[in-house]
Structures are given as structure tokens and as C-alpha cells.
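Just below is one structure, and these are the notes that go with it.
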Amino acid sequence: IAAINHLSNSMNSNTERQYSDTITNTNLSFPSFSLMNLKILLCPKQGITNIKGLSVLKNLETLDLCWNQIDDIKELELLKNLKSLYLMNNKLSRIEGISELKRLEILDMSLNQIVQIEELSELNNLESLNLDFNRIGKIEGLLMLSNLKLLNLSRNTILNIGGLLRLITLKSLDLEHNKITRIDNL
């Protein structure tokens, strides 16, 4: 944010009138010419509700939008260079807008209101997936994640641990505080 403020201060007055380099309490907005080479953007705890301005950051590799008020992430589908995406503690009820993020290695969507695991089957580079503290009732949609090493599904409403059979690279699995009564189908 400090870099963005510095960038805004360094622009001439004509450019300042034409383009807006602002992060407000509710929106992210970037001019398409200024931050094209940005690789890392950290904006946790900003009260952000709308991420529609992010699509211009085509070179972004790490994005942290934790502890905001975001309920729609479809805009992220254009950020095809993302490797790490942190969306912990927002207002997300669906996993959407990330199926095209083929380079994604780390995804944290914990502390949201997600009820179903979806749109992850194409993320072959995904190594770490954190979906704890959601409302997920069934383990599904993970079979094609051939590089997944860490999976956290703790504090959900999972009854059955089926759906993990083909995850042969998995090194760490956290299922604590679910509703599992039997361990079978491993």
C-alpha cells in the first residue's frame, strides 16, 4: 500500500485527474499502465468488498486479500500468473473464478462460508489447499490434484473421508473437528 501511495504522489497533476491509483475501504482500483510488473500484492484487513480492478495486474504471482469483505472472486480468472492466493476470512460461499489459474501452487480459502469443493480439478500445480473453517460436507473434486501435498479440511461438516484415494503425493491431511465417525475408503 505504501508503494501504491508513493506511486500516486509521484504522478503529475494531469495524470492524477485522468487515472485513479486508490485503495479505498471498499474497492481496489488500478490504472492499467502503472503496476504492470507488480508480482506481489498484500492487502489484508482493508475492508475490501470489490476486486474488479485487479484484472490489470497480469504479472501478479502472490495475492493476499485475507480478512476483507469479498464475496465474489470471478475477476481473478484473468490473473493467470498467480502462484499463491490467500483469501482467508472473507464472505465467499463458492469456489469460483480460479479454474484457469493453472500456475496456482498455494490456495487458502479458510474461514469463509464455502459448502462445496469445486473448480479445482484443473489446478494441477496446486500443492497446498486450506479450506478449514468452512461448511464443506463432502470431500469431492480433488482427485485430479496430482501434486497436492498439504490439505486442510478441519472444522467443516465432513462425514466421510472418501474422495482422497488418488491423492498419492499428499503428505499432510488435517480433518480435525469434523463429523467423521468411521475411517474407511482410504
Side-chain angles (χ1 to χ4, degrees), residues 1-5 20-30 35 38-123 125-142 145 148 150-158 172-179:
I1 293 175
I4 294 168
N5 288 336
S20 171
D21 254 349
T22 59
I23 293 182
T24 67
N25 283 347
T26 58
N27 296 302
L28 281 178
S29 175
F30 300 100
L35 300 172
L38 192 66
K39 300 262 188 208
I40 300 170
L41 178 59
L42 310 175
C43 289
K45 299 180 182 180
Q46 299 297 314
I48 297 166
T49 58
N50 185 333
I51 60 169
K52 290 199 167 132
L54 283 177
S55 62
V56 299
L57 304 177
K58 304 282 189 211
N59 292 312
L60 207 56
E61 293 179 359
T62 298
L63 177 59
D64 183 344
L65 293 170
C66 294
W67 297 87
N68 282 293
Q69 303 296 315
I70 300 164
D71 62 5
D72 183 357
I73 58 170
K74 291 177 197 156
E75 186 83 8
L76 298 179
E77 68 189 358
L78 300 173
L79 302 178
K80 300 195 187 297
N81 287 313
L82 271 183
K83 292 181 180 179
S84 302
L85 178 57
Y86 303 95
L87 294 164
M88 176 178 53
N89 200 357
N90 276 283
K91 294 186 174 188
L92 300 170
S93 58
R94 294 185 55 131
I95 301 172
E96 58 187 350
I98 63 171
S99 62
E100 295 298 316
L101 304 180
K102 309 286 191 223
R103 295 183 179 184
L104 201 61
E105 297 172 0
I106 300 170
L107 177 59
D108 186 341
M109 295 182 79
S110 58
L111 289 159
N112 279 287
Q113 298 144 18
I114 297 166
V115 296
Q116 184 177 359
I117 302 171
E118 54 193 343
E119 281 208 34
L120 299 179
S121 62
E122 300 292 319
L123 304 181
N125 288 317
L126 197 62
E127 294 180 6
S128 175
L129 176 60
N130 188 352
L131 293 170
D132 69 336
F133 284 96
N134 276 289
R135 298 177 182 166
I136 298 166
K138 185 176 182 182
I139 300 172
E140 59 189 347
L142 301 176
L145 301 180
L148 195 63
L150 183 140
L151 177 59
N152 187 346
L153 292 170
S154 65
R155 301 183 192 300
N156 279 285
T157 59
I158 296 167
S172 176
L173 173 62
D174 190 344
L175 293 169
E176 72 175 310
H177 296 284
N178 275 287
K179 298 180 177 187

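- In terms of the side chain to side chain donor-acceptor pair (under 3.5 Å) criterion, residue partners of Glu75 (sequence neighbours excluded) are, by chain and number, Ser55.
- Inter-residue side-chain proximity for Leu85 and Leu76 is flagged as met; some heavy-atom pair is nearer than 4.5 Å.
- The side chain to side chain donor-acceptor pair (under 3.5 Å) contacts involving residues 61-70 comprise Gln69-Lys91, where partners must be two or more places apart or lie in separate chains.
- For the pair Phe133/Asn112, no side-chain contact is recorded, criterion being any heavy-atom separation below 4.5 Å from C-beta on.
- Under the 4.5 Å side-chain criterion, counting only non-hydrogen atoms from C-beta, Leu57 is in contact with Leu35.
- More than 12 heavy atoms of other residues, nucleotides or ligands sit less than 6.0 Å from atom NZ of Lys80.
- Within the 4.5 Å cutoff, the side chain of Ile98 has no heavy atoms near those of the Glu77 side chain.
- Annotation: the span from Met109 atom CE to Ile117 atom CD1 amounts to 11.0 Å, rounded to 0.5 Å.
- Using a 4.5 Å heavy-atom cutoff, the side chains of Leu131 and Ile95 are in contact.
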Pair Val115, Asn134 - check side chain to side chain contact (heavy atoms under 4.5 Å, CB included), show working.
CA-CA 7 Å; Val115 296; Asn134 276 289; over 6 Å; no

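- Separating the CG atom in Leu54 from the CD1 atom in Ile73 is a distance of 11.5 Å, to the nearest 0.5 Å.
- Contact check for Gln116 versus Glu140: side-chain heavy atoms found under the 4.5 Å cut-off.
- Side-chain contact between Ile51 and Leu65 is present, with at least one heavy-atom pair separated by less than 4.5 Å.
- Pairs passing the salt bridge (Lys or Arg N to Asp or Glu O under 4.0 Å) check and including a residue from residues 129-139, sequence neighbours excluded, do not occur.
- For NZ of Lys58, the number of neighbouring non-hydrogen atoms (other residues, nucleotides, ligands) closer than 6.0 Å is greater than 12.
- In this structure, CG in Leu175 is found 8.0 Å from OG in Ser154, a value given to the nearest 0.5 Å.
- When all heavy atoms of Thr157 and Asn178 are compared, the closest pair comes out as N-OD1, 3.4 Å.
- Ser99 meets the side chain to side chain donor-acceptor pair (under 3.5 Å) test with Glu119; sequence neighbours excluded.
- The structure places CG of Leu150 at 8.5 Å from CG of Leu129, a figure rounded to the nearest 0.5 Å.
- The shortest distance between side-chain heavy atoms of Asn81 and Leu60 does not fall below 4.5 Å.
- The distance from the CG atom of Asn152 to the OG atom of Ser172 is 7.5 Å, given to the nearest 0.5 Å.
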Stepwise side chain to side chain contact (heavy atoms under 4.5 Å, CB included) check, Asp71 with Asn90:
CA-CA 7 Å; Asp71 62 5; Asn90 276 283; over 6 Å; no

Tell me, with the steps shown, if Leu142 and Leu151 meet side chain to side chain contact (heavy atoms under 4.5 Å, CB included).
CA-CA 10 Å; Leu142 301 176; Leu151 177 59; 3.7 Å; yes

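- When all heavy atoms of Asp72 and Ile70 are compared, the closest pair comes out as O-CG2, 3.6 Å.
- To the nearest 0.5 Å, atom CG of residue Leu107 and atom CG of residue Leu123 are 7.5 Å apart.
- The two residues Asn156 and Ile136 come nearest to each other via the heavy atoms OD1-N, 3.0 Å.
- Applying the salt bridge (Lys or Arg N to Asp or Glu O under 4.0 Å) test to pairs two or more places apart or on separate chains, those with a residue in residues 95-111 are Arg94-Glu96, Lys102-Glu122.
- Not counting sequence neighbours, Ser128 has no partner by the side chain to side chain donor-acceptor pair (under 3.5 Å) test.
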